[in-house]
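Down below is the structure, laid out as structure tokens.
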Amino acid sequence: MSRLAPGRQWPVAVMQFRLACCELPRIISAGEKIGRGIIVATLTIESDDVGFDISAIDFSGLYYAENVRATSVRYELVYGNGAYDEFRGHGFRYNDNLEPTAGTVSQYRTYFSGMLATATGLEIGATDIRDAAQTFSTRDDLRVISDAFHGDDLFEGGGGRDRLRGYDGDDTLRGGNGWDSLFGAEGDDALQGGSGKDRLYGNEGNDTLVGGRGADFLLGKDGADIFRFDAKLSKANLDKISDFVHAEDTIQLAQDVFDDEGDLGQLDKKALYRGAEAHDSTDRVIHDSTTGALYFDPDGTGDAAQIQFAVLGRGIEITTGDFQIIT
């Protein structure tokens with residue numbers, strides 16, 4: 001069999017129950033409903049500061065295990081660096097070298113250098129993982145991952161700088177803490193940055209991008225996208241919308257954050273003003289098309305100061321129809 005190239009790094013997997021030091025949060029399971037629909041598969045990252053890059057997955061490390069436990073429902077590999085790989089499923093069979101020759105993987109758990117991850121709701125052929133482990137290229141490894149996350153899936157980031165990517169279906173990606181990069185794909189995806197300076201890319205489909213706390217970069221790309229603002233306003237919470245399209249995309253404002261902005265639904269016509277600052281008491285959303293700055297002013301020309309919450313491209317014209325007040 002081929003082996004890992006010298007000096008090459010690979011993410012590996014670990015059983016969470018083996019780490020007695022750690023109190024683990026509840027993992028959302030496949031088949032559970034979380035608002036957008038029934039989740040097919042989930043990937044959950046648990047780490048205080050170590051990031052996870054889904055595009056860097058490489059199963060070649062399987063051939064470096066020092067201890068192997070192989071049963072019909074569990075394939076466990078233990079490495080000398082304190083890392084673990086565990087695959088659970090059914091129908092596992094092996095050759096004399098303890099390489100899988102049959103079976104289906106439904107759960108995959110991972111630990112390496114303080115980073116834990118758990119994938120559930122999978123349906124991967126054990127031989128597909130074996131075959132991917134035999135090559136130096138990561139293309140076949142990523143093909144296995146893409147096939148595994150083919151439905152409406154959930155990706156949950158941890159505390160580090162995670163890099164998560166959706167695949168087919170209407171996926172939900174949550175960055176968690178850290179400066180994360182989230183990538184939607186072909187479906188109508190929901191991307192939620194969490195805290196930190198996140199970068200969200202909707203790509204194809206009608207996506208919903210929520211920066212959360214921190215100065216985030218939002219790029220919807222194709223489709224009629226929604227850019228949602230529901231985090232407390234502050235100077236540190238200023239998002240950039242890179243490609244807003246008038247009359248196609250929508251900016252959603254949470255009613256409890258944007259106080260006194262009006263009833264639910266489309267923004268009141270009197271509430272939007274084009275300029276650098278409010279000009280009367282009814283103005284609430286101020287758009288300076290010269291700079292692209294987007295402000296909220298709680299009392300128009302009153303004593304309260306306006307606060308910038310987003311920046312659009314320069315010269316973009318927007319109307320009240322581009323805004324929606326939500327709960």
Side-chain angles (χ1 to χ4, degrees), residues 36 166 170-171 173 181-193 197-212 214-231 233 235 237-298 300-301 306-327:
R36 286 177 61 85
D170 299 338
D171 299 317
L173 293 84
S181 296
L182 309 180
F183 301 85
E186 298 178 359
D188 297 341
D189 303 312
L191 285 65
Q192 304 169 17
K197 297 181 179 180
D198 305 307
R199 301 181 68 86
L200 279 56
Y201 304 86
N203 292 318
E204 300 178 36
N206 303 324
D207 305 307
T208 300
L209 287 73
V210 188
D216 307 304
F217 174 85
L218 313 177
L219 178 66
K221 297 198 73 172
D222 298 337
D225 301 310
I226 294 173
F227 301 92
R228 181 177 300 162
F229 294 85
D230 58 6
L233 303 182
K235 293 181 179 180
N237 189 18
L238 173 60
D239 293 349
K240 179 179 181 180
I241 303 177
S242 181
D243 64 339
F244 185 81
V245 179
H246 163 61
E248 180 176 343
D249 297 330
T250 302
I251 296 174
Q252 290 185 340
L253 309 176
Q255 193 178 46
D256 60 341
V257 174
F258 295 81
D259 295 331
D260 197 29
E261 191 159 337
D263 298 329
L264 299 180
Q266 182 176 311
L267 182 66
D268 188 274
K269 292 182 178 180
K270 295 181 180 180
L272 176 64
Y273 181 70
R274 301 170 185 84
E277 59 184 12
H279 83 302
D280 66 31
S281 61
T282 65
D283 297 334
R284 293 295 180 269
V285 177
I286 316 299
H287 177 227
D288 186 346
S289 61
T290 302
T291 63
L294 202 58
Y295 302 92
F296 171 64
D297 195 319
T301 53
Q306 66 184 20
I307 182 169
Q308 186 177 357
F309 64 92
V311 59
L312 311 178
R314 294 182 179 180
I316 294 178
E317 293 298 327
I318 58 176
T319 67
T320 55
D322 294 318
F323 293 87
Q324 185 179 34
I325 310 301
I326 62 172
T327 55

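All figures in this text were calculated on a predicted structure; none of them were measured in a lab. Positions are given from 1 along the sequence.
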Might you work through the ring-ring contact (aromatic ring centres under 6.0 Å, His included) test for F309 and F258, ending with a clear yes or no? CA-CA 10 Å; F309 64 92; F258 295 81; 5.0 Å; yes
What's the shortest heavy-atom distance between [X] and [Y], and which atoms?
X    : Y    : answer
D170 : D188 : OD1-N, 2.8 Å
I318 : R274 : O-NH2, 3.1 Å
T301 : H279 : CG2-C, 3.4 Å
D189 : E186 : OD2-N, 4.4 Å
T291 : V311 : O-CG2, 3.9 Å
A231 : N237 : CB-ND2, 3.5 Å

Considering residues at least two apart in sequence or located in another chain, which fulfil the ring-ring contact (aromatic ring centres under 6.0 Å, His included) criterion with F244? none
Could you tell me if the side chain of [Y] sits less than 4.5 Å from the side chain of [X], heavy atoms only?
X    : Y    : answer
L182 : D198 : no
D297 : D283 : no
L264 : T327 : yes
D263 : I325 : no

Rounded to the nearest 0.5 Å, what's the gap from [atom1] on [X] to [atom2] on [Y]? Could you check?
X    : Y    : atom1 : atom2 : value
D243 : E248 : CG    : CD    : 9.5 Å
I226 : L218 : CD1   : CG    : 13.0 Å
F296 : R284 : CZ    : CZ    : 6.5 Å
Q252 : F323 : CD    : CZ    : 12.0 Å
D239 : I241 : CG    : CD1   : 7.5 Å
D230 : Q192 : CG    : CD    : 8.0 Å

